[in-house]
Amino acid sequence: MRRSKTRVYRVSPPPEGDGPAARLDPEFLSLTIDTSLLLGGNWWGASKGLSGGVSVDTAGPLDLGDERLLAYARALAPAMLRIGGTEADHVRYKSGAKAALELGIPAARTEGEAAADPGEVPGRGLTLGKGAWKRVHKFLADSGFRLLFTVAAGPSERDGTGAWNCENLARLAAYSAKKGLPVAAWELGNEVNAFPFVYGRGSGVGVSQYGRDFARFGNLLRELSPGSLLVGPASAVWPRIGEPYPLVPRIASGPAAGFIDAVSWHYYPQQSSRGRVAVRRAGPGTMLSPKNLDEILRRGGKFLRAARRIDRCKPAHRRTACWLTETAHALYGGEPGVSDTFASTLWWLDELALLAREGVSRVFRQSLVGSDYGLLREGNFEPTPDYFASLLWKRLMGPEALVPVPFPRPDPLLRLYAHRGPAGLSFLAINLDGARPATVIVDRTPAIRCLLTGTDGLLSKTLSVNGVPAGDDLAFRFGEEAVTERYRLAKFDEREETGVFEVAPLGILILADTK
């Protein structure tokens, strides 16, 4: 009896007059489509073979015109869509040589270097042509997304001194400007700090070199794409290890600082069985550990501090953002049979809530579609539990992240978060205890209650909302009376009418004052 009493918590918003811990942009939860899947390259499949940092399996190209894919994407708008990934660093951009010449950029090459024929540059395994680029922009227009595009910065884009050659980008940016194809943000390179692991020990890019590269990148795009944000260095950050070959925070004091609009980084809390190297091997219960969940705060804090240091080099009105431009349940495509289940949802909503509270401006989920960590499964685009969790976050969690006041102080297995929106408060409670429920008491009867569980337990591939398996109506007709009735979103028993709610073992509770 005494043990059960410790699982009852009263949760209140912060005192009147306390401002939010952070204010979220509508695009806070954003998405990715990997370059490999977009263009048809190496992509995570059934095998566990790796070469050059990517799977030996292949897939794609993805059909961006598929109506089912578009419908699911639209339901998550507004969002940014990042096109990037390992193979983004050696893509040839086929469009724009004529447009660059018309704009007075005959080669946009590194000074003193003869321009190579882009078709003869070694190491470029994929080509982005005019047709594919136009299809990307049609998908963006049809879905309501804006584009973050990762620019090739790998060894094939560098001269003998290791300096980045901007000719490839100049063509694409000039063509985009001429045709009115908007790019909201450009990111220089994908996990530049990890080049020695992907391309070999001699391919590393030092802090000073990347700073000079980014200055060249910034000068070019300020001319060709003046309304776009400039993002980098997309550093890989590993659990337990941190940022190997670190570019941050030293980049904050170099020539790049005046151009960077958002400091970007990648974080996967564990590694799937596809990868030979792992510092934390993925498993069903690995991310039910509060210590493992909280590690992202230490890793992300480094990038938040770097953004504040960069601000010292800028006018006061140009604040530097912190973007997590790639994250998922497990590196190397996700863990089969785990990362596409409810086990991932417990981690995913907790990570979103932690980063929202800490002030990270964008979180890009790898990926909208594909492999075991996609929100939509390849082939039939069937939604995973994380897709519906993302949808409910978008619909119910307000734009102001608060620091809730629990009483008594909860044990580590009950994670509590609060947000505020135009219609009022929303609370998120995540019960990591696999055996015991928790009781949460709030001082109101909310408009909506969502108890999220795995339909068949922790490793369920279906999400249940108040005991009802989530379906397409939740995605496409959320807010309609019939959907509210079917999922019992606004039905409360006598205890719930007084503000007393139970969170099931391994369950998630969302309470919201808005529909």
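Heavy atoms only: backbone and side chains are in, while hydrogens, waters and symmetry mates are out.
Taking the ring-ring contact (aromatic ring centres under 6.0 Å, His included) definition, one finds that F492 meets it with nothing, sequence neighbours left out. Not a single ring-ring contact (aromatic ring centres under 6.0 Å, His included) links F388 to another residue, sequence neighbours left out. For W347, the ring-ring contact (aromatic ring centres under 6.0 Å, His included) partners two or more places apart in sequence, or in a different chain, are H329. Considering only residues two or more places apart in sequence or on other chains, K491 meets the salt bridge (Lys or Arg N to Asp or Glu O under 4.0 Å) condition with E485. W43 meets the ring-ring contact (aromatic ring centres under 6.0 Å, His included) test with no other residue; sequence neighbours excluded. By the salt bridge (Lys or Arg N to Asp or Glu O under 4.0 Å) test, R305 pairs with no residue at all, sequence neighbours left out. For R486, the salt bridge (Lys or Arg N to Asp or Glu O under 4.0 Å) test picks out D473, with sequence neighbours left out. The salt bridge (Lys or Arg N to Asp or Glu O under 4.0 Å) check on E187 picks up R82, with sequence neighbours excluded.
Among residues at least two apart or in separate chains, salt bridge (Lys or Arg N to Asp or Glu O under 4.0 Å) pairs with a member in residues 342-354 are D350-R415. The salt bridge (Lys or Arg N to Asp or Glu O under 4.0 Å) pairs that include a residue from residues 333-342 are D340-R377, D340-K461, where partners are two or more places apart or lie in different chains. Within the structure, salt bridge (Lys or Arg N to Asp or Glu O under 4.0 Å) pairs that include any residue of residues 275-291 comprise R280-E295 (at least two apart or interchain).
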Under 3.5 Å, sequence neighbours excluded: what are the donor-acceptor pairs made by side chains of residues 57-67?
unit_1	atom_1	unit_2	atom_2	d
D57	OD1	S47	OG	2.8
D57	OD2	G45	N	3.4
D57	OD2	A46	N	3.1
D57	OD2	S47	N	3.0
D57	OD2	S47	OG	2.9
D63	OD1	G65	N	3.0
D66	OD1	R68	N	2.9
D66	OD1	L69	N	3.1

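Salt bridge status for D513 with R420: absent, with no side-chain N to carboxylate O gap under 4.0 Å.
W265 does not carry R299 over the face of its six-membered ring by the limits of under 6.0 Å from the centre and within 45° of the normal.
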